[in-house]
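Heads up: the structure comes next, in structure tokens.
Letters A, B, ... are given to chains in the order of the sequence lines, protein chains preceding strands, and every chain is numbered from 1.
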Amino acid sequence: MEQAEQTHLEVTVRRGDADGGKDEVFRVPAHDNQTILDVVSWIQQYSDPTLTYRFACRVGMCGSCAMMVNGEPRWTCRTHVNKVLDGNKLHIAPLRNLPVIKDLAVDMDPFFDKWVEAEGKHHPTKTRDDPIEQINPESAERSEANAGIECINCSVCYAACDTVAGNPDYLGPAALQRAWTLFNDAKNEDKQTILDAVSGTSGCHNCHSMGSCTHYCPNDLNPMAAVAGLKRETAKSFFRRRKNA
Amino acid sequence: MLDLRLYMAQRISAMVMAPLVLGHIAVMIYAIQGGLSTAEILSRTQGSVFWFLFYGLFVVAVSIHAAIGLRVIAHEWLRLRGAALSLLTWGIGLVLLVMGGRAVMAVTLL
């Protein structure tokens, strides 16, 4: 073997709560195949049972295990240690831009409240008594809606967003992408309500198109393009309304 | 800190400025051929309705554009909000408008 095999990782974990915290270092056995979530679980199971963190599915579907790893937001269950290791060191911290509850668990409420604020909820065109509407999967509108449908609400994009960091009221990439998906959904009516919801002082127009959301999205979605779409449609509606006024 | 109205105002003022910037630079390159003097500039601009409108529009667009741009920076970097932020936005806009307006009038009015 060219490189000396490392038997242990030096893992620094941010511990604390809303009032502040401090870093704590743990020595964790190194394995060939190991995710960041495995490392955190090892610490909780074998070193310090008081370590608080959050996970559920362990296969990248539920979106609950995101954390900052070496300063970058990641879904920890699908992030291999080898991919992000700095020497033999790891730094694991709670997600950025959200209030810490304890240790690695953040309060996701502000994140989900903004989904609702951006009208990221279904506004049905029909009732349950109507026949099911046929949707052409090839249509441009449907393709646009499909592009953002695989969002798992992990908040990695929200943690990556420097605009949220500077402007805490900003709705953020995930909520706006949801709004854009629904805007393009033929089974969702009241499109102007969505455009109005994303046009306020905390809306899509605050985005600086820095692209961290798209860069870090673990599902390779493109929230930046969705926000650009909303900017385009709101601008059109701005002129439309002037004309009709 | 930008709603749709401010966003549109900043985008439209940018679109107004784009051709004016090009015109301004082109005139600068043309005007300095064979030296540059106050008399030469004033002979071109004084009493000219065209240059009054050209730079008058430029000043209005700059005042709107810069005030909104600095508003965003003041909010994100200095955490300014509410009345203080509105005051800063209007203050910057008005100062630029008055200073620019005075300069335009000084070189175009007879």
Side-chain angles (χ1 to χ4, degrees), chain A residues 96-97 114 117-119 158 160-173 175-176 179-180 183 191-213 224 226-245, chain B residues 1-25 53-54 56-97 100:
Chain A
R96 182 177 173 237
N97 292 340
K114 286 176 179 179
E117 214 182 304
E119 286 294 331
Y158 190 82
C161 179
D162 288 339
T163 308
V164 173
N167 178 0
D169 293 333
Y170 172 50
L171 293 171
L176 292 171
W180 178 240
F183 178 84
K191 293 181 188 295
Q192 191 58 47
T193 304
I194 295 175
L195 294 184
D196 289 342
V198 301
S199 294
T201 51
S202 52
C204 65
H205 306 99
N206 291 282
C207 167
H208 299 305
S209 307
M210 286 184 278
S212 297
C213 50
M224 185 173 61
V227 177
L230 286 174
K231 286 179 182 170
R232 213 165 45 238
E233 290 304 322
T234 49
K236 279 189 206 163
S237 84
F238 179 81
F239 289 119
R240 233 181 0 250
R241 284 190 161 185
R242 299 258 135 175
K243 226 168 107 185
N244 297 339
Chain B
M1 248 323 118
L2 282 191
D3 57 8
L4 177 60
R5 203 171 43 92
L6 287 171
Y7 173 86
M8 292 308 290
Q10 204 186 22
R11 265 45 184 192
I12 292 168
S13 59
M15 280 187 249
V16 169
M17 275 195 291
L20 296 177
V21 168
L22 292 176
H24 176 65
I25 292 171
L53 291 175
F54 185 97
L57 186 61
F58 209 152
V59 165
V60 172
V62 165
S63 306
I64 295 171
H65 193 82
I68 299 171
L70 290 171
R71 170 193 173 87
V72 174
I73 295 170
H75 179 64
E76 287 188 21
W77 289 49
L78 308 175
R79 293 291 155 104
L80 223 56
R81 48 175 61 227
L85 190 62
S86 295
L87 202 67
L88 182 86
T89 309
W90 282 101
I92 291 168
L94 286 172
V95 165
L96 288 173
L97 192 66

Looking at B/Leu4 and A/Thr234, what are the two nearest heavy atoms and their distance?
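The pair with the smallest heavy-atom distance is CD2-O, 3.7 Å.
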
Do you know the tightest heavy-atom contact between A/Thr201 and B/Asp3?
N-CB, 4.0 Å

B/Leu78 versus chain A, the contacting section by heavy-atom distance below 4.5 Å
neither

Do B/Glu76 and A/His208 make a side-chain contact, defined as non-hydrogen atoms from C-beta onward lying under 4.5 Å apart?
yes

Would you mind reporting whether A/Pro168 and B/Arg79 have side-chain heavy atoms less than 4.5 Å apart?
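Heavy-atom side-chain distance check passes, below 4.5 Å.
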
Please identify, among B/Gln10, B/Arg5, B/Met8, the residue contributing the most non-hydrogen atom pairs under 4.5 Å to chain A.
B/Met8

Out of B/Val72, B/Leu2, B/Leu6, which one racks up the most heavy-atom pairs below 4.5 Å with chain A?
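Option with the top pair count is B/Leu2.
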
Between A/Phe239 and chain B, with a heavy-atom cut-off of 4.5 Å, which part of the residue counts as in contact: side chain, backbone, both or neither?
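It is the side chain, since no backbone atom gets that close.
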
Can you tell which of A/Gly203, A/Ala165, A/Gly200 has the highest number of heavy-atom pairs within less than 4.5 Å of chain B?
A/Gly200

How far does OG of A/Ser199 sit from OH of B/Tyr7, to the nearest 0.5 angstrom?
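Taking OG in A/Ser199 and OH in B/Tyr7, the distance rounds to 10.5 Å.
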
Could you give the distance from CG (A/Asn167) to CZ (B/Arg81), rounded to the nearest 0.5 Å?
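Separation between the atoms: 7.5 Å.
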
